[in-house]
Amino acid sequence: MSETISKQINELRQQLESYNYQYYVLDQPTVPDAEYDRVMRALIELETQHPDYLTPDSPSQKVGGAALSKFEQVTHQVPMLSLDNAFDEAEFNAFNRRIKERLLHNDELDFCCEPKLDGLAVSILYRDGVLVQAATRGDGQVGENITENVKTIRNIPLRLRGDNIPAELEVRGEVFMDKAGFARLNETAAKRDEKTFANPRNAAAGSLRQLDPKITAKRPLMFYAYSMGVVQGAELADTHYAQLQQLKDWGLPMCPQTKRVTGASAAYQYYEAIMAERDALLYEIDGVVIKVDNKPFQEQLGFVARAPRWAIAFKFPAQEELTQLLDVEFQV
Ligand code: NAD
């Protein structure tokens, strides 16, 4: 029995390691995200039922892929983590219950609700208001130095504006390609008989991780800020939403659909509203991210191995699973 479980767990881990390598390192996914999520869930379920087999190097405990050695490496002072997932209302409500119990808080919580942009996470460092470094998430601890590439993204300021600019500010957010830019890029590639990209996430990752920033500069990349890492020399607001407003005041672009709500049912309504709006949005999303808004509560809740306890990625049902797969097969 235990040998069978151990074999099953090992097979799932190997499968996920291979998907991770294709997706994070080569920017060439071989299966749709929904299939990846299914395999990950199967692994987590087995590891939960049989905790003796849980090891820290399991893909369920790790973030992303490795930083490519062709780039200089950057060690993140504060690790860049992933997010836990909820796939339906019951799982989202369980998240809400869990955190309220942990906080010993009976009232409704305030949540900051944001679209889950389908691109890649980057960290951008400003010293005395000047952009000095940018890095990918990598494995969460060490990322790739992509400073020159990030400087070519048109809505990222090279210099912050406004008052009370921190001596050091690390901004975190998503670099992505909007739907129109992605369509144009693939159209041009097809006309030139060049390889097309499987989806906007894949195109954004491939465009950002170029050794020649002149190539990145030609790609229609965009950025929305969604959090801060290291900050020195500034008073920060005590809610996540107000901190995003501070970033906006310093000139950083923020997703216009971000909204603060009170209580889990309002957050669920946000999820439904964004899902209804999904096709009309200018960029691809694969769900929404719901974050506890109160910063002291976030600190109290803390982190588990690969994700904060105070946030959840509430994913949409995989409606485009088949088309994505066809796209991927077309690309390979
Ligand atoms: P994730 O994408 O589920 O969530 C974390 C990421 O969400 C962050 O790193 C950030 O980049 C992003 N994000 C977007 N909007 C955000 C916001 N408003 N606030 C905070 N973060 C935001 O986790 P992950 O670890 O990056 O990737 C795992 C997911 O990637 C899987 O669930 C799967 O869907 C996909 N994946 C697919 C394959 C494949 O082969 N198809 C392989 C690996 C991963």
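Each ligand, and each atom within it, is numbered from 1 in the order the structure gives. Below, each value reflects all heavy atoms present in this structure, side chains not excepted, and no hydrogens, waters or symmetry copies. Sequence positions, counted from 1, serve as the residue numbers for this chain.
Regarding atom 26 (O) of ligand 1, its nearest protein heavy-atom neighbour is Arg137 NH2, 3.0 Å. Ranking the protein heavy atoms by distance from atom 23 (O) of ligand 1 puts Ser82 OG, 3.1 Å first. Taking atom 38 (C) of ligand 1 as the reference point, the nearest protein heavy-atom neighbour is Tyr23 CD1, 3.2 Å. Atom 14 (C) of ligand 1 has Leu117 O, 3.2 Å as its closest protein atom, hydrogens excluded (heavy atom only). Of the protein's non-hydrogen atoms, Lys116 NZ, 3.4 Å is the one closest to atom 1 (P) of ligand 1. For atom 31 (C) of ligand 1, the closest non-hydrogen atom on the protein side is Asp37 OD1, 3.2 Å. In terms of protein heavy atoms, atom 21 (N) of ligand 1 is closest to Tyr226 CZ, 3.4 Å.
Checked for salt-bridge contact, Lys116 and Asp286 meet the test: a charged N lies under 4.0 Å from a carboxylate O. Under 4.0 Å is where a charged nitrogen must lie from a carboxylate oxygen, and between Glu35 and Arg38 at least one such pair does. Ion pairing between Glu284 and Arg201 fails under the 4.0 Å rule for side-chain N and carboxylate O.
Under the 30°/60° scheme for interplanar angles, the aromatic rings of Phe176 and Tyr224 are found to be tilted. Between Phe297 and His105, the angle of the ring planes goes over 60°, which puts this pair in the perpendicular group of the 30/60° scheme.
Here is the list of ligand 1 atoms found below 4.0 Å of a heavy atom in Asn20: 43 (C). Each of the atoms 41 (N) of ligand 1 lies under 4.0 Å from some heavy atom of Pro32. Proximity to Glu114 (heavy-atom distance under 4.0 Å) selects the following atoms of ligand 1: 17 (C), 18 (N), 19 (N). Interface of Pro115 with ligand 1, defined as ligand atoms under 4.0 Å from a residue heavy atom, comprises 15 (N), 18 (N). The contact set between ligand 1 and Arg306, taken as ligand atoms under 4.0 Å from a residue heavy atom, comprises 25 (O). For ligand 1, the atoms sitting less than 4.0 Å from at least one non-hydrogen atom of Val31 are 39 (C), 40 (O), 41 (N), numbered in the order shown with element in parentheses.
The closest donor-acceptor contact from the side chain of Asp293 to the backbone of Thr239 lies at 3.5 Å or more, if one exists at all. Between the side chain of His240 and the backbone N or O of Phe111 there is no donor-acceptor pair closer than 3.5 Å. Remark: side-chain polar atoms of Arg309 are paired, donor with acceptor, to backbone N or O of Leu301 under 3.5 angstrom.
For the pair Cys113 and Tyr268, the minimum side-chain heavy-atom distance is 4.5 Å or more.
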Given side-chain contact (heavy atoms from CB on, under 4.5 Å), test Tyr53 with Gln8 step by step and report yes or no. CA-CA 11 Å; Tyr53 291 104; Gln8 262 177 316; over 6 Å; no
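A heavy-atom separation below 4.0 Å is not found between Val63 and ligand 1.
Taking only non-hydrogen atoms, the option from Met40, Lys315, Glu174 nearest to atom 29 (C) of ligand 1 is Lys315. The nearest non-hydrogen atom to atom 34 (O) of ligand 1, considering only Thr30, Asn85, Ile285, Asp33, comes from Asp33.
Of the heavy atoms in Lys291, only side-chain atoms (C-beta onward) come closer than 4.0 Å to ligand 1. The proximity of Tyr24 to ligand 1, defined as any non-hydrogen pair under 4.0 Å, is limited to the side chain. The parts of Ala121 lying near ligand 1 are both backbone and side chain, judged by heavy-atom distances below 4.0 Å.
Looking at Arg278, Glu277, Glu272 one by one, the single match for side-chain contact (heavy atoms from CB on, under 4.5 Å) with Ile274 turns out to be Glu277.
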Would you tabulate the side-chain donor-acceptor contacts of residues 60-70 under 3.5 Å, counting partners in other chains and residues two or more places apart, or write 'none'?
unit_1	atom_1	unit_2	atom_2	d
Ser60	OG	Glu47	OE1	2.5
Ser60	OG	Ser58	OG	3.0

